Structure formats: C-alpha cells, structure tokens
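Report on one structure; see the data block that follows.
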Amino acid sequence: MATPLTPAQAEARTFHPASDVPRRIRNFTTREVTELIAFLVFAVLVTLALFAFTPLAGSFGFVVVAYLLFLATYFIAERARGDRQVGIDRVVTVIITSAAIITAIPLILIVFSVVQRGLRGLSLGFFTETMEGIAPDAPSTDGGGMHAILGTLVQVLLATLLCVPFGVLTAIYLNEVRGKLTPIVRPIVDAMSGVPSVVAGLFIYSVWVIGLGQGFSGFAASLALSVLMLPTVARASEEMLKLVDPGLRESSLALGSPQWRTVVQVVLPTARAGIVTAVILGIARVAGETAPLLMTAFGNDRANPQQTLSEPQEALPLFIYKQVTNAQGSAVDRAWAGALVLVGLVLILFVLARAVSKPTVKR
Amino acid sequence: MSPTTELAPAGLAPADEPRTLVQDLTRGDRNFQRIATAAAATTLAVMGLIALFLVVQAWPAISKAGFSFFTRFEWGPDDDPAIYGIASALGGTVVIALIALVLAVPVSIGTALFVNEYAPRWLRSPLVTVIDLLAAIPSIVFGLWGREFLNTPISNISRFLAEHVRFIPIFKTDALFFGNSYLVCGVVLSLMIVPIITSVSRSVMTEVPRGHCEAALALGGTRAGMIKSVVLPFSKGGLVGASMLGLGRALGETIAVALILSIDNRLLTNVVQPGGSAVAGLIAVKFPEASTNGRSALIGAGLALFIVTLIVNVGARRIVGRSGKAVRSGKAS
C-alpha cells in the first residue's frame with residue numbers, strides 16, 4: 001500500500017521523543033469521552049426526529065436505529081480526522097463495551113422485577129402456611145410456601161450429604177491417587193456436567209421411582225440433585241487440590257507420613273476453603289433446579305419433612321412452576337413470592353461462597 | 001565431550017546416580033487408594049447407568065413405535081392406537097438452541113473481550129461477579145421473567161418482523177398472534193447461556209501469549225488490530241468449543257421452555273408465531289399427567305436428548321482442550 005500519507009497521518013506516525021511515554025491503552029482522555037457523548041446525543045436526537053416524522057415506531061426500533069446511527073456517524077467522524085485504523089478501533093471499542101452492557105442489563109432487570117413482583121405476594125404467611133386445602137382460585141394472601149421451603153432445604157441438604165463424599169473423593173482420585181482410571185474419569189465427569197437436568201430426573205425416575213418401586217419422594221429428588229451436583233463438586237475440588245503447594249505435600253511425605261495422612265492432614269485442610277466454596281456453588285446450582293423434581297419429588301400441598309423417604313414432597317422451584325401453570329392470576333403472585341425467596345436463597349449461598357473463598361484463594 | 005568438563009574426581013562418579021525409588025504402600029494407603037478409586041468408579045458407573053436405565057425404561061415405547069419414533073410429529077401415546085414421535089420436538093429444540101446461540105455468541109465473546117482487554121482493572125472483578133450471578137439465577141426464574149416481562153415486547157417485535165421482513169422465510173407467517181414462540185424461548189435461553197460461553201471464552205483468551213499481544217501494540221497496532229490479528233486467531237478453536245458448550249446447555253434447557261412455549265407438536269417454519277415443540281419442554285409438560293406408556297415414550301425422548309447433548313459436550317471439551325494445547329505450544333489454531 002503505497003498511498004501517500006495525509007498530513008494528519010504523517011503527524012500521527014512521526015516519532016516524538018518527548019511523547020515517548022508508555023501507551024496507556026486502557027485509559028480514556030476527556031476529549032474521547034466528550035466526543036463519544038456528543039455523538040450519542042446527536043444520534044438520539046436524529047432518531048427522535050426520524051420517529052416523529054416517519055412511520056417508524058416502537059422502543060426497540062428506537063434503540064436499534066439510534067445505536068446504528070451512532071456507530072455510523074462516529075465511525076465516519078473518527079475516520080475523517082485521522083487514520084482508518086483509529087476509526088475502526090474506536091467503533092470496535094464501542095461495540096465490545098455495548099456487549100458487556102447488554103450482558104449486565106438482564107441481570108439488573110430480572111433482579112429488579114423479582115424483588116418488585118415478589119414483595120407484592122410476600123407476607124409472613126408465606127413462611128408459615130402451606131397450600132393444604134387452598135382452592136386454586138383463592139386470593140394470593142391465602143396459603144403459603146412453607147412446605148416448599150422445608151422441602152427444598154431437606155432435599156438440598158440430603159443431596160449435599162450424598163454428593164460431597166463422592167465428589168471430593170473423586171477429586172482426590174484425580175489429583176492425589178492418579179490411578180489408571182484418571183484419563184477416563186476426567187472426561188466422563190466433564191461430560192456429566194453437561195447432562196441436562198431433566199435427563200438426571202428421568203434417570204432417577206427410571207432407577208429409583210419405578211425401577212426399584214420406591215415411588216415419588218423427596219429422597220428421590222435428592223438423588224437426582226446429587227447426580228447434577230457431583231461433576232461441579234468433583235471438578236471444582238480438583239482445581240482446588242491442584243492449587244495446594246506441592247512443597248507441602250512433599251514435606252509431609254518426606255517426614256514419613258503415609259499418603260492418606262498427607263491428604264487428610266495436609267492437603268485437605270489447605271484446600272478446605274476452596275472445597276467449601278465449590279460445594280456451596282454446587283448447592284446454589286441445584287437449589288433452583290425444577291425439571292428433575294417433576295419426575296422425582298412430584299409435589300405435595302402439605303409439609304412433610306418427616307416423610308422425605310416415602311411421600312411426594314414439594315420444593316420451591318416446583319411450587320413456583322405449579323403456581324404459574326396450574327391456576328388463576330392470583331396464584332402468579334405466589335409464584336413471584338416463591339421466586340423472590342428462591343433468588344434470595346441462591347444469592348445468600350453465592351455471597352457465602354465468596355466470603356469463604358476470600359482469604360485463601362486469590363485470583 | 002570437551003576435556004574441560006572432566007574435572008570431577010573419577011572416584012565420586014558412581015555415588016552420583018539417582019537411587020531407585022521403591023514404592024511400598026502401607027495398608028492404610030492401599031485402603032485409601034481403594035476408597036478413592038471406588039468413588040471415582042462410582043462416578044463412572046453413574047454415567048453408564050444413566051444410559052442403561054434410560055434405554056431399559058424407554059424400550060417398551062421405542063420398540064412399539066419403531067423407527068417412526070424419530071420421524072413422526074404427533075404426540076399421543078395414550079391415544080388408540082398410540083401415536084408418538086419426537087420429530088417436531090427435536091426440530092424445535094434445534095431451532096430454539098440455534099436462535100439462542102446466534103444471539104448469545106457475539107454478546108459473550110464481546111463481553112469476554114471487554115473484561116480481558118478493555119475494562120479498567122477496578123471494573124474487572126465486579127463484571128465477573130455479574131456474569132457469575134447471571135449463571136446462578138435459577139432457570140425457573142428466567143422462565144417466569146421471560147413469560148411475564150419478555151413475551152409482550154418480543155411479540156411486538158415479532159409482529160413488526162412478520163409484517164415488514166416477510167421476505168426472510170423464518171419471519172413469514174399468517175398468524176394473528178405472536179409470542180410464546182421459538183423466538184421468545186431463544187431470547188430467554190440466550191441470556192441463560194451467555195455466562196458459560198463468556199467464562200470459557202475468557203479462560204481461552206487468557207491463554208493467548210501476552211508477548212504476542214504486546215508485540216502487536218508495540219508495532220503501533222490499535223487494540224482492535226491486536227484483537228483481530230492475535231487474540232482471535234489464537235483463541236478461535238476455544239471460542240468454537242465455548243459456543244458448543246453453550247449449545248449443549250441450550251439443547252437441554254427445560255423449564256424455561258416449558259413455561260414459555262405453547263407446545264402443540266407442530267414443526268413450524270417460522271420463529272414468531274405461538275406453537276412448536278421442544279424435547280426437554282415436552283418432557284416437563286407431559287410428564288406429570290402421562291400414563292405408563294406415555295412416560296416410557298418421554299424417557300425415550302430424554303434418551304435422545306441425552307445422546308445429542310453428550311455428543312455436543314464431549315466434542316466441545318475436545319475442541320477447547322486441543323485449542324488450549326495448541327496455544328500453549330505457540331501455534332495459532
């Protein structure tokens with residue numbers, strides 16, 4: 001490309017010793033920000049005019065037209081002033097930044113609407129009453145989700161108790177024992193983390209509910225949830241075990257302790273915070289699972305934590321699903337209240353996981 | 001060998017050999033290894049049992065329907081004679097997952113690039129938290145939100161598309177109502193798969209040799225140029241793998257689809273009108289009231305879903321792994 005440089009380009013490419021300072025590629029200058037805002041305002045104003053004088057309408061269309069207009073004018077302006085590459089760079093920066101904003105918006109919208117709609121249906125009664133004997137068209141203040149909350153707690157607790165020993169031992173097998181099965185186990189655990197939750201539910205239904213004739217129960221739900229939790233816990237624990245300083249392991253072995261003592265007294269305590277985080281994140285993942293519960297816990301209108309092994313049981317996600325699909329408008333308020341409690345539960349677990357992981361694992 | 005290296009006294013040489021390591025496990029260690037192996041073997045066994053039991057329980061229905069299980073559109077396992085096939089459901093699942101993928105992949109890769117290359121340092125960890133939180137929101141909440149808050153706006157957009165962009169076949173319809181469609185499901189699912197695609201893309205992009213990036217910048221390249229000539233070529237394979245992991249998630253997503261799609265067992269050629277079907281959604285909707293035969297047929301549908309997602313996921317992991325290895329050895333994939 002032998003095209004002669006414009007004066008502006010030549011200037012941009014001239015070496016100035018005085019300007020020989022490190023490139024701060026992540027910083028924005030005030031001028032850049034001002035330009036950006038100016039073009040954004042310009043695009044919005046032009047779009048407003050367009051929508052006022054042409055048949056174009058709709059908020060979504062407005063955003064799309066304004067955004068495209070903004071990109072186009074911004075690119076033309078930046079390009080006219082200097083290098084074509086600089087123009088492209090500016091536009092790419094805008095596009096990539098918008099992608100990040102688009103990712104954040106749904107989270108804000110969802111949390112906002114869950115809190116707003118959830119508070120409408122939430123009352124103290126939601127935590128103390130069940131749906132036993134409540135007519136489908138009863139006002140949303142009647143009945144509550146106490147049985148669902150209890151069910152979720154029992155099922156998730158049992159699932160954790162079932163899954164954690166297997167998960168952590170599988171991680172120990174992968175990272176400490178490193179036996180012959182390692183090259184098979186790791187990809188299988190990865191593949192297992194991709195098993196759709198509804199398939200895990202159908203599996204437990206096939207094995208436990210009809211295969212062994214145990215019927216629907218809260219315990220069957222725990223089995224399905226632990227199948228879903230196992231790969232998360234196993235792989236995350238393995239990552240945590242990998243972070244343990246090999247020097248610690250070797251010192252322990254050099255002092256003459258057998259491998260099991262090294263693992264139990266040195267490796268696991270060192271990785272404890274990380275493993276606890278892995279388990280909590282596993283719990284948060286399965287606490288909101290709905291599909292596998294349809295074919296294992298099945299649902300119930302009354303609280304029955306004592307009959308977890310023998311009777312169908314309710315759970316929060318199942319409660320939400322039933323309230324949305326089965327009944328009249330008033331029940332939807334109950335569903336949102338349930339969603340608020342569920343999201344609250346998951347967020348608490350999430351914050352807990354962060355708090356536990358802080359002191360030891362730094363990224 | 002040059003003479004200068006032969007300075008060590010000859011007599012000490014034999015002592016400088018590594019001693020042979022003898023591994024003599026104690027009884028405690030043997031038991032410890034047995035227990036760990038048993039746990040790992042159980043994990044393997046569970047995966048095998050999933051396949052085995054799904055086949056066993058689905059067999060009555062699949063053997064009765066024969067190959068038509070994969071080619072028929074209707075779902076009436078309790079009719080006389082029973083008619084059931086998953087053709088429309090499989091088709092719908094693929095269409096919804098593709099919509100989700102088309103929407104989610106650019107946004108996810110953009111977000112990953114933003115976090116890795118553009119965001120100021122103080123913004124990085126809040127952004128990663130936002131992505132993790134999005135992943136932590138239960139799918140039932142996505143479904144509820146999509147049904148109540150996203151259905152109407154997307155119906156309006158669908159109406160616009162159906163009226164003005166008819167020349168694209170997927171928007172061509174004579175329906176009077178819009179919403180509860182493949183498109184609404186696809187949009188909601190795309191939100192749900194953004195976190196996994198973003199985080200896998202990010203870890204792949206982190207493996208790109210930093211020296212190459214800095215070389216591109218030092219040669220006077222812009223950041224856009226650096227991304228185009230270094231980051232994307234190096235991480236291409238990994239990004240394909242990340243998208244496939246997202247596809248796997250979208251194929252298996254159940255409850256959001258069950259809440260949003262109005263399932264009527266047709267295979268629609270447009271994505272804007274109500275109706276259609278999807279495997280996982282069909283299972284969730286039909287299971288509670290199904291008879292024994294119906295449940296057997298639904299397990300068959302689950303088996304098909306299991307096989308499809310397994311292929312997609314294993315393929316994705318292989319691509320991600322291979323790309324990581326290629327990048328570490330310094331070759332762009």
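Being a predicted model, the structure only gives us computed values, none of them experimental. Just so you know, these numbers use all the heavy atoms, side chains as well, and skip hydrogens, waters and symmetry mates. Here is how names work: the chains are called A, B, and so on, in the same order as the sequence lines, proteins then strands, and each is numbered from 1.
B:Ile140 and A:Pro317 get closest at one heavy-atom pair: CD1-O, 3.6 Å. The heavy-atom pair separating A:Ser193 from B:Arg317 by the smallest distance is OG-NH2, 3.7 Å.
At a 4.5 Å heavy-atom cutoff, the contact between B:Leu144 and chain A is made by backbone and side-chain atoms alike. Contacts between B:Val141 and chain A at a heavy-atom distance below 4.5 Å involve the side chain alone, from C-beta outward. Contacts between B:Val107 and chain A at a heavy-atom distance below 4.5 Å involve backbone atoms as well as side-chain atoms.
B:Asp29 places a side-chain N or O within donor-acceptor distance of the main-chain N or O of A:Gln259, the cut-off being under 3.5 Å.
Heavy-atom pairs under 4.5 Å with chain B were tallied for A:Glu176, A:Lys180, A:Arg261, A:Arg117; the largest tally goes to A:Arg117. For the set B:Leu310, B:Thr26, B:Leu191, the count of heavy-atom pairs under 4.5 angstrom toward chain A peaks at B:Leu191.
Remark: the B:Glu148 side chain and the A:Trp336 side chain contain an N/O donor-acceptor pair separated by less than 3.5 Å. No hydrogens or angles considered: a donor-acceptor pair under 3.5 Å links the side chains of A:Arg354 and B:Thr129.
A distance of 11.0 Å separates CD1 of A:Ile110 from CG of B:Leu133, quoted to the nearest 0.5 Å.
Taking the six-membered ring for Trp, A:Tyr205 and B:Phe287 have ring centres closer than 6.0 Å.
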